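Report on one structure; see the data block that follows.
Here is the naming used below: chain letters follow the sequence lines, and residue numbers restart at 1 for every chain. No experiment lies behind these values; they were computed from the predicted model shown.
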Number of protein chains: 2
Amino acid sequence: MAPADVPDIVIGRLPIYLRALNFLLEEEREITASQELADKLGISSAQIRKDLSHFGEFGKQGTGYEIKYLREQLRKILKVDQEWDVALVGAGDLGHAIAHYGNFDRNGFHIVAVFDRNPRKIGAKMGRFQILDSESIPTVVQDMHIKVAIIAVPADSAQQVADTLVEAGIQAILNYAPITLNVPPKVRVQYIDPVVYLQRMTYYL
Amino acid sequence: MAPADVPDIVIGRLPIYLRALNFLLEEEREITASQELADKLGISSAQIRKDLSHFGEFGKQGTGYEIKYLREQLRKILKVDQEWDVALVGAGDLGHAIAHYGNFDRNGFHIVAVFDRNPRKIGAKMGRFQILDSESIPTVVQDMHIKVAIIAVPADSAQQVADTLVEAGIQAILNYAPITLNVPPKVRVQYIDPVVYLQRMTYYL
DNA sequence: TAGATTGTTAATCGATTAACAATC
DNA sequence: TAGATTGTTAATCGATTAACAATC
């Protein structure tokens with residue numbers, strides 16, 4: 001189910017395929033084809049078939065893919081057929097938006113703890129969460145066996161927060177701070193810096 | 001200054017280099033080397049030199065790169081040595097966080113108009129912005145000659161918003177809605193779907 | 001059966017890296 | 001000069017695509 005040698009770039013596309021399948025399912029579609037997904041996603045149909053072939057044979061010649069079945073397979077491959085507890089560090093505007101973003105829960109990612117180091121915020125409520133002291137990250141993360149964290153603190157404290165999280169056992173970090181983090185190779189990091197995305201477009205204008 | 005044939009993937013890395021240079025400048029450093037940037041960014045030094053060589057010769061053998069100079073060159077290449085007006089569509093939690101995110105202004109991206117279609121929000125204040133009716137997107141975008149937009153609406157209205165924006169002359173879209181947009185080839189789109197980023201990491205856990 | 005679409009092979013295309021002459 | 005680092009070439013590596021036999 002999880003061959004060790006699947007390229008990173010292939011894994012990166014699977015969530016996009018999954019998202020498209022969810023969309024088709026909502027439209028109560030039952031069958032799709034690599035060409036249809038290709039048209040929708042702006043990816044070649046050959047690439048979609050090749051990507052999927054790393055994990056098995058999910059389609060039927062002459063017919064295509066049963067959407068429900070392929071979706072379940074992708075969810076298993078990506079390990080999102082289970083629920084994940086998530087720690088959120090940073091209770092500013094950004095942390096607030098993240099904590100209220102319904103798509104996390106809807107996709108099995110449950111924020112279970114929100115941390116901040118500002119004494120004025122610690123103990124206060126943010127939506128349904130009581131904000132915890134960042135000092136308690138190690139104990140809370142360890143006790144709850146949390147493996148996934150989101151960093152939503154300013155750039156100048158992000159590396160320090162990352163160090164604490166890694167030390168506490170976090171293995172995947174979604175980093176909203178505009179800085180490249182230094183972490184051990186076993187820890188995965190994904191970056192969301194909207195300024196970087198805008199700068200990738202202005203070049204072409 | 002802008003050779004037509006520079007690979008997309010190279011352009012994608014330039015903002016990361018720029019971010020690292022800004023960071024070094026704040027530490028009052030004056031000179032850096034491809035190897036130092038490589039260590040900081042987890043990219044090979046050869047790749048950094050090769051990427052830069054698409055645009056000119058910015059370093060000195062034996063010495064490295066003058067940080068201020070290289071930074072200015074990258075800003076020119078990416079066209080972020082100028083100010084950009086940005087339209088924001090969607091005044092929910094996410095739109096709120098985006099409108100208040102200081103890094104946009106700090107990097108020359110100025111949100112100048114915020115739109116929503118909810119009658120309860122239209123006319124209300126969100127921070128320093130008065131929320132405008134989405135119906136007015138065409139006129140406002142055209143009158144202000146806005147070229148860059150951010151979509152922060154739910155998935156089910158994102159495509160429609162994108163169509164309106166493109167029609168109004170928008171050429172670059174930063175899309176926070178969890179859906180692949182269908183736009184003409186001349187329009188650039190960048191995607192930020194945090195769920196996708198989380199799903200790219202759980203595979204490895 | 002005829003038509004359609006998969007899974008897979010082999011070829012092509014493109015990106016990364018190693019290495020080093022040039023040169024500061 | 002000796003040491004260091006760039007810019008660039010050529011080789012390597014890896015990803016994408018075209019094409020088609022297999023098969024539903």
### Task
Could you note down all residue pairs passing salt bridge (charged side-chain N to carboxylate O under 4.0 Å, His left out) where residues 193-205 of chain A supplies at least one of them, sequence neighbours left out?
A/D193-B/R19
### Task
Only counting residues at least two apart or in another chain, list the ones meeting side chain to side chain contact (heavy atoms under 4.5 Å, CB included) with A/Q82.
A/K79, A/W84
### Listed partners of A/D81 passing side chain to side chain contact (heavy atoms under 4.5 Å, CB included), at least two apart
A/R75, A/K76
### Summary
Hits for side chain to side chain contact (heavy atoms under 4.5 Å, CB included) against B/I98, two or more places apart or cross-chain, chain-then-number order -> B/L88, B/L94, B/F104, B/I111, B/I150, B/A152, B/Y176
### Query
Checking side-chain contact (heavy atoms from CB on, under 4.5 Å) for the pair A/I151/A/L174: CA distance, chi angles, key distance, verdict?
CA-CA 6 Å; A/I151 294 181; A/L174 181 57; over 6 Å; no
### Query
Which nucleotide of DNA chain C is the first, and which the last, in the 5' to 3' direction, to come under 4.0 Å of a heavy atom belonging to chain A?
C/dA4 to C/dT9
### First encountered from the 5' end of DNA chain D, between A/R13 and B/E57
B/E57
### Task
Could you give me the stems involving DNA chain C, meaning stretches of three or more consecutive Watson-Crick or G-U wobble pairs whose two defining distances are both below 3.5 Å?
C:3-24 with D:3-24
### Query
Got a sec? Which of residues 36-53 of chain A come in under 4.0 Å of DNA chain D, heavy atoms?
A/S44, A/A46, A/Q47, A/R49, A/K50
### Message
Using a 4.0 Å cut-off on heavy atoms, which residues in residues 15-29 of chain B reach DNA chain C? List them by number, or say none.
### Response
none
### Task
Could you walk me through whether B/S45 and B/E36 pass side-chain contact (heavy atoms from CB on, under 4.5 Å), step by step?
CA-CA 8 Å; B/S45 65; B/E36 182 183 38; over 6 Å; no
### Message
Just so I know, are the side chains of A/I48 and A/L52 near enough to count as touching, which here means a heavy-atom distance under 4.5 Å?
### Response
yes
### Message
Using a 6.0 Å cut-off, check whether atom CD of A/E27 has over 12 heavy atoms from anything other than its own residue.
### Response
yes
### Task
Specify the residues of residues 60-67 of chain B, ordered by number, for which at least one heavy atom lies under 4.0 angstrom from an atom of DNA chain C.
B/K60, B/Q61, B/G62
#### Entry: Heavy atoms from other residues, nucleotides or ligands near CZ of B/F23 exceed 12 (cutoff 6.0 Å)
no
#### Entry: A/D39 side chain to A/Q35 side chain, donor-acceptor N/O pair below 3.5 angstrom
yes
### Query
What do you reckon, is CZ of B/R13 surrounded by more than 12 foreign heavy atoms closer than 6.0 Å?
yes
### Query
How would you list, by chain and number, every residue that makes a salt bridge (charged side-chain N to carboxylate O under 4.0 Å, His left out) with B/D93, sequence neighbours excluded?
none
### Query
With a 4.5 Å limit on heavy-atom distance, are the side chains of A/V80 and A/L18 in contact?
yes
### Task
Could I get the full list of side chain to side chain contact (heavy atoms under 4.5 Å, CB included) partners for B/Q171, not counting sequence neighbours?
A/L205, B/K147
### Query
Does anything in residues 127-146 of chain A pair up under side chain to side chain donor-acceptor pair (under 3.5 Å), and if so which pairs, sequence neighbours excluded?
A/D105-A/R128
